[in-house]
4 protein chains.
Amino acid sequence: DQPLVVIAGPCQLESSEHALMIATEMAQACAAAGAGFIFKGSFDKANRTSLSGKRGLGIEAGLQVMADVKSKVGCPVITDVHLPDQCAPVAEVVDVLQIPAFLCRQTDLLLAAGNTGAAINVKKGQFLSPWEMPNVLEKVSSTGNKRVMACERGTSFGYNTLVADMRGLPQMAATGHPVIMDATHSVQQPGGQGGSTGGQREFAPLMARCAVSTGIAGVFIETHEDPDSAPSDGPNMIPLDRMGALLESLMAFDRLAKSDPFRL
Amino acid sequence: DQPLVVIAGPCQLESSEHALMIATEMAQACAAAGAGFIFKGSFDKANRTSLSGKRGLGIEAGLQVMADVKSKVGCPVITDVHLPDQCAPVAEVVDVLQIPAFLCRQTDLLLAAGNTGAAINVKKGQFLSPWEMPNVLEKVSSTGNKRVMACERGTSFGYNTLVADMRGLPQMAATGHPVIMDATHSVQQPGGQGGSTGGQREFAPLMARCAVSTGIAGVFIETHEDPDSAPSDGPNMIPLDRMGALLESLMAFDRLAKSDPFRL
Amino acid sequence: DQPLVVIAGPCQLESSEHALMIATEMAQACAAAGAGFIFKGSFDKANRTSLSGKRGLGIEAGLQVMADVKSKVGCPVITDVHLPDQCAPVAEVVDVLQIPAFLCRQTDLLLAAGNTGAAINVKKGQFLSPWEMPNVLEKVSSTGNKRVMACERGTSFGYNTLVADMRGLPQMAATGHPVIMDATHSVQQPGGQGGSTGGQREFAPLMARCAVSTGIAGVFIETHEDPDSAPSDGPNMIPLDRMGALLESLMAFDRLAKSDPFRL
Amino acid sequence: DQPLVVIAGPCQLESSEHALMIATEMAQACAAAGAGFIFKGSFDKANRTSLSGKRGLGIEAGLQVMADVKSKVGCPVITDVHLPDQCAPVAEVVDVLQIPAFLCRQTDLLLAAGNTGAAINVKKGQFLSPWEMPNVLEKVSSTGNKRVMACERGTSFGYNTLVADMRGLPQMAATGHPVIMDATHSVQQPGGQGGSTGGQREFAPLMARCAVSTGIAGVFIETHEDPDSAPSDGPNMIPLDRMGALLESLMAFDRLAKSDPFRL
């Protein structure tokens, strides 16, 4: 088992300077803690709660930021795609394509992503059981692309609330695909602030710790130097200056879990 | 208040002959019962549970079927769109564009649909509370297109189960937009049959009756002459030969409800 | 099919004068609307959210109030029991014993209630599926007492929220036992106000109407002349002066539903 | 922080020999692993799914078994109480009284339990949010008895399914009371086998591991030498011969978690 991979970055890309600042800091923190690192940032928030939410830099400027991060920080990068015809151009720059949770059943998007040959991270829909994910992952791997990851980000639990069912992690791992825990989106409160989504940032480290204790491949954590001023997902992002200590803690649980694997 | 509108047809379009047969029978049944009628059929099942599920006729053949129904039966038609660039060509043929539930937060799709000027029926996501729908509808109406309907089709309730919360109907109606109850999808059991979705067809008439009793604008009911042989959604579709009696019953509840409107 | 029975009264008994006032008004309203009537009141709120909530008159004073209502208004009465040894003394005065939802699986309470020979109304637990109720009802009817009713009062739906699944009504009716819809408790928001339970009084008539449209035997509606000053359940009780119009409306739906019964 | 306490034993007491066998083996395993140990067994299954489920030894014989375990194994013992007047006699023998989840809001039972002066373990109801537990615990501690524990055992998640929300553990711990994770009941499938409750025994170790990683005070695990032949809860109990290895594993996570406490 490989050490934990940390997928981290801001919810949305803001500028090259901003991305480089976060990527540099996270790369150092991950290296210090012994974790792998993939820089995450979105070029388009395509499904904001309301029309007034900021969409982001757009695909062209966003990919330029990603290219800058890759060349200057030297880490792999991940971003989400929303339409089939975005997959090919995005994959020219980006190492991992991410399928958003709401779109995890859109066959054409999954096929187009798989066909790029890039690694694919599929977020499990908030409306999906763990045992529906093998069919989802199979859509990608039917293209011959076997580098597919499954990502837990919480399941609908009444209105405006998600719950993370830890049983889903080994169920998805039983497919043989790496499993990622999205610790910051699983504490979202969708629509919980009327025109925007709320969150419980204080529980994200707990979600990460519990999931890492089961021996998963990676965690996904959004972070920002000033979450309350971020253009999206501020309520659930973790302050950047807290990430170093969090990673040190998670790596201790990762080492223990991987020395004592949980198997179904 | 207008009499109930019935949106009905097969889950997926199979052929012109098939569509004409169902549309003819439904148009007669609706006329006999005093209901409005819109013929529904999908040209692409874009989010099947698994890759092995049939996708359908495709956009070109599907639109031809819809054009045949319009010219020969004389009723308006509705179909669902999955990508922004499908909206304009579909709206050249089809009267109402439907936004699938999984896609109800995809801003570009809502804007593209709204910009066609066609009427729009937005299915409420299984992951959404009723009070998040005003933001969704506003995305469409921001285009200047005010002909937008909100459609209940059930909310995630644990794994593989949906529940229809009748409180959502007047909450959505409070936006001033017509509200539709999707009686057959709200009894789906998503992923409930492993590689496909199950359903509880026997409860669809109940869902319709309860919703109509609240005074909604319309019901959405998928129907097929032989549901168990249909290429998709067989477990929840209502047999075509049961629709006449069901409509008679629903119209009695519709008349009573509209003579005694429920208001929040 | 008999006309709808209305079980109504205040959440907790306050005094004979208060109970007589409500029972008299409700008896007249039910008679005018053509509904049956059973007066409801609790002598002990045995499971308040917090210790500071008022418990009520207690068993002795409460049963005296019930006896007064029976003799002066002439209607049958119902109250809830919390311990097996309360059943026999309560049944000496009261016509129908009610099993609280949290206690619906407590075998000894169900047996003791059944053994009194009184009619029994079992509230379905918020944690129970409709198909678990036959086992619950069988505990009562194993005593030889077949006068058992099943009552829907909402199911847990995330935290602090209940949802009423209308499918449960015909499923419970398939046991052959009368089914009651508790319209005011199914819109509770348990613990939703921190130290007490909130509620959405505005949706209780909707819950009642939808349920009555399925052809059930009765509705349970708590009412008070001044809900916001009531010692418990104020947020979900319906003002007494609204009950007459509500009953007229419900009886129209009841007549229609019973002329056109929904059967599974 | 003290090392993890393990509350373990069979779902229901069967005989002194059986209880002594399990208690002896568990006491050795806990001592070897460095965990505390409390022997658990029920004298009455008071809320079986159906009437045909075995109830157990009854209070008199059950307390004799508990007295035997205490004198011969020398460990503290815990059992559940169902009625207020059981509390005093049970507390004469038993060290910890447990309040069943369905009964966690029954004020008189909580007060009677508190008044015994015994330690009290309150199971959180399947219908309760974590933030409703302070009011529940306060009912007990209002008696002056501050030795109260809060126990997570899963929350209703649709029908026939529970989900364990790990966020509840630190929320309950913020009351200052010890928090216990019931690893075997939180994987129950209530009513999932028609006339009895199903379970996912294979996930109980995962539930325990995740919870222990958050730094809780104890775990509750039901165990039996032959779960599939046990008179109740077989589907979720852990085989006795697996407990030693499980405890060794849990203690490693306990040590790590307590060296790096998660705090809200």
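Below, chain A is the first sequence line, B the second, and so on; all start at residue 1.
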So NE2 of His82(B) and CG of Leu103(A): to nearest 0.5 Å the spacing works out to 13.0 Å
Return the minimal non-hydrogen interatomic distance between Ser156(A) and Gln126(B), and the atom names on each side. OG-O, 4.5 Å
Measure distances from Leu128(B) to the heavy atoms of chain A and classify the residue's part below 4.5 Å as side chain, backbone, both or neither. backbone
Output the option from Pro134(B), Ser142(B), Pro130(B), Gly158(B) having the highest count of non-hydrogen pairs under 4.5 Å with chain A. Pro130(B)
Could you name the residues of residues 46-61 of chain B that have a heavy atom within less than 4.5 Å of a heavy atom in chain A? Ala46(B), Asn47(B), Arg48(B), Thr49(B), Ser50(B), Leu51(B), Arg55(B)
Gly191(A), Pro100(A), Ser129(A): which one forms the most heavy-atom pairs within less than 4.5 Å of chain B? Ser129(A)
Side chain proximity check, Phe102(B) to Phe102(A), heavy atoms < 4.5 angstrom: no
Which bit of Thr155(B) is near chain A, if near means a heavy-atom gap under 4.5 Å: side chain, backbone, both or neither? side chain
Sort Gln106(B) into side chain, backbone, both or neither according to what part of it lies under 4.5 angstrom from a heavy atom of chain A. both
What residues of residues 159-170 of chain B sit under 4.5 Å from chain A when you count only heavy atoms? Tyr159(B), Asn160(B), Asp165(B)
